[in-house]
Amino acid sequence: MTPDGTMQAMSMPSVAIHGGYLPSPVTQLDKLFPGGGARLHAKLDQLQISGSTKERTAQFLLDALERSGALVPGATVVESTSGNLGMALARQCTQRGYTFVAVVDERANVAAVKTMAAFGARVDMVATPADGNRLRARVQRVEQLLTDVPGAVTTNQYGNTANPSAHAHTTMPELVASLGGPPDHLYVAMSTTGTLLGCQQAIERAGWATRLVGVDAEGSALFGGALRERKLPGLGAGFATNLSQQARPDAIHRISEADMVRGCRLLARREGLLAGASTGAIVAAIGYDLPSLVPGTSVAMLVHDGGGAYLPTVYDDEWVRAEIADAEEAIGVTDAPNPFSCRA
Ligand SMILES: Cc1ncc(COP(=O)(O)O)c(C=O)c1O
């Protein structure tokens, strides 16, 4: 409605299809690193219906299984998830008439687990094994369920090529269309590496010069990393996923959990965007790189999920003090234009 009360034509479709992902907008971040020199843009995938990029992945995984004939009406879908894929699959499975069993571990956000249950999913929580590798324990539980539950199939997000396809066909083309051309640098957080690999495929196919930066967690086993206890879900992996064998980021950052917290809080305070831990890691990675980037260069990042589910962890001072090393520095409010540049 315009100020004089007349209706204004809108470019958005008036009826959206809520069975899968929605195209997401891109916004400029001009307050995050004042005077930083680069033009920063964020693709807001926290606006997906279940709150994350995994809404795209879930749609492509289910579509591929249906096309292959492996998913028949009334079938059971089983998947290991740290939360976001589980919420997206739970939502899309209930719409398509499938039973969904989500195999999670105790680091999954409480809100994510409750959301899956609200969509009618059966949540199967695995105990933390003696070696601490929760991801491996989840994958083993999926294997067991596939044997035990008649007609069960898995979407296998760690090795299924439909996972990167989602991002090659939707995430990257949308981003480039929004920006009017490919960004000079793209920062993507990694877990299965599906998002990064899909963006890489789109970049290679089109011959774009975008430098692709993969953001991982300290303690993740991806790309030869040394496995260690991690407290925050969403990024990193307990083993080198099959998809990661094909992923070739131009650079990799391994970010500490203190820096994830710091990045999330900076984004919230300076840009008014509440995001999850992996997006905080991306903010930190950009902060570290910014001093070496050519002024005027365009930098794009994905906001992989929203921060609501992380209010009891990333945004809770008590939790951060109890669980994260170097907590005081991470939770302190700072006026430094780029609090990461002086620590690089
Ligand atoms: C919170 C979060 N971080 C990171 C990622 C990237 O994960 P992947 O490498 O599995 O695509 C996702 C994907 O949706 C995500 O939801």
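Start at 1 and go down the list; that is how both ligands and their atoms are numbered.
Near Thr193, the atoms of ligand 1 lying under 4.0 angstrom from a non-hydrogen atom of the residue are 8 (P), 9 (O), 10 (O). Annotation for ligand 1: atoms under 4.0 Å from non-hydrogen atoms of Gly194 are 8 (P), 9 (O), 11 (O). Below 4.0 Å from some heavy atom of Met190 lie the following atoms of ligand 1, by number and element: 9 (O). Ligand 1 places these atoms under 4.0 Å from at least one heavy atom of Gly234: 2 (C), 3 (N), 4 (C). Below 4.0 Å from some heavy atom of Asp305 lie the following atoms of ligand 1, by number and element: 1 (C).
For atom 11 (O) of ligand 1, the closest non-hydrogen atom of the protein is Thr195 OG1, 2.5 Å. The shortest contact between atom 5 (C) of ligand 1 and any protein heavy atom is with His304 ND1, 3.4 Å. Distance from atom 14 (O) of ligand 1 to its nearest protein heavy atom, with residue and atom name: Lys54 CG, 3.0 Å.
Considering backbone and side-chain atoms together, Ser278 places an N or O closer than 3.5 Å to an N or O of ligand 1. Among the atoms of Gln157, none of the N or O lies under 3.5 angstrom from an N or O of ligand 1. Polar contact with ligand 1: present for Thr192 (N/O pair, distance under 3.5 Å).
A single hydrophobic cluster is not seen to contain both Met172 and Val213; linkage of ILVMFWY side chains at heavy-atom distances under 4.5 Å, directly or through other members, places them apart.
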- Query: Can His169 and Phe60 be said to form a side-chain contact (heavy atoms from CB on, under 4.5 Å), step by step?
  - Reply: CA-CA 10 Å; His169 289 103; Phe60 274 63; 4.1 Å; yes
- Message: Go through it in stages, so that I can follow the logic: the residues are Val188 and Val215, the test is side-chain contact (heavy atoms from CB on, under 4.5 Å), and I'd like the CA-CA distance, side-chain angles, deciding distance and then a yes or no.
- Response: CA-CA 6 Å; Val188 177; Val215 180; over 6 Å; no
- Task: Let me see the working for Ser24 and Lys43 under side-chain contact (heavy atoms from CB on, under 4.5 Å), right down to the final yes or no.
- Result: CA-CA 7 Å; Ser24 62; Lys43 183 162 177 60; 2.9 Å; yes
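Between Leu235 and ligand 1 there is no heavy-atom distance shorter than 4.0 Å.
Both the backbone and the side chain of Ala189 come within contact range of ligand 1, each with a heavy atom under 4.0 Å. Contacts of Asn84 with ligand 1, taken as heavy-atom pairs under 4.0 Å, involve the side chain alone.
A salt bridge does not link Glu257 with Arg228: every distance from a Lys NZ or Arg NE/NH1/NH2 to an Asp or Glu carboxylate oxygen is 4.0 Å or more. Ion pair Glu329/Arg262 flagged as a salt bridge, since at least one NZ, NE, NH1 or NH2 atom sits closer than 4.0 Å to an Asp/Glu carboxylate oxygen. In summary, Asp216 and Arg254 engage in a salt bridge, as defined by a charged side-chain N under 4.0 Å from a carboxylate O.
Of the options Leu145, Thr155, Leu89, a side-chain contact (heavy atoms from CB on, under 4.5 Å) to Val78 is made by Leu145 and by none of the others.
Every side-chain contact (heavy atoms from CB on, under 4.5 Å) that Thr128 has, sequence neighbours left out, goes to Glu106, Arg134.
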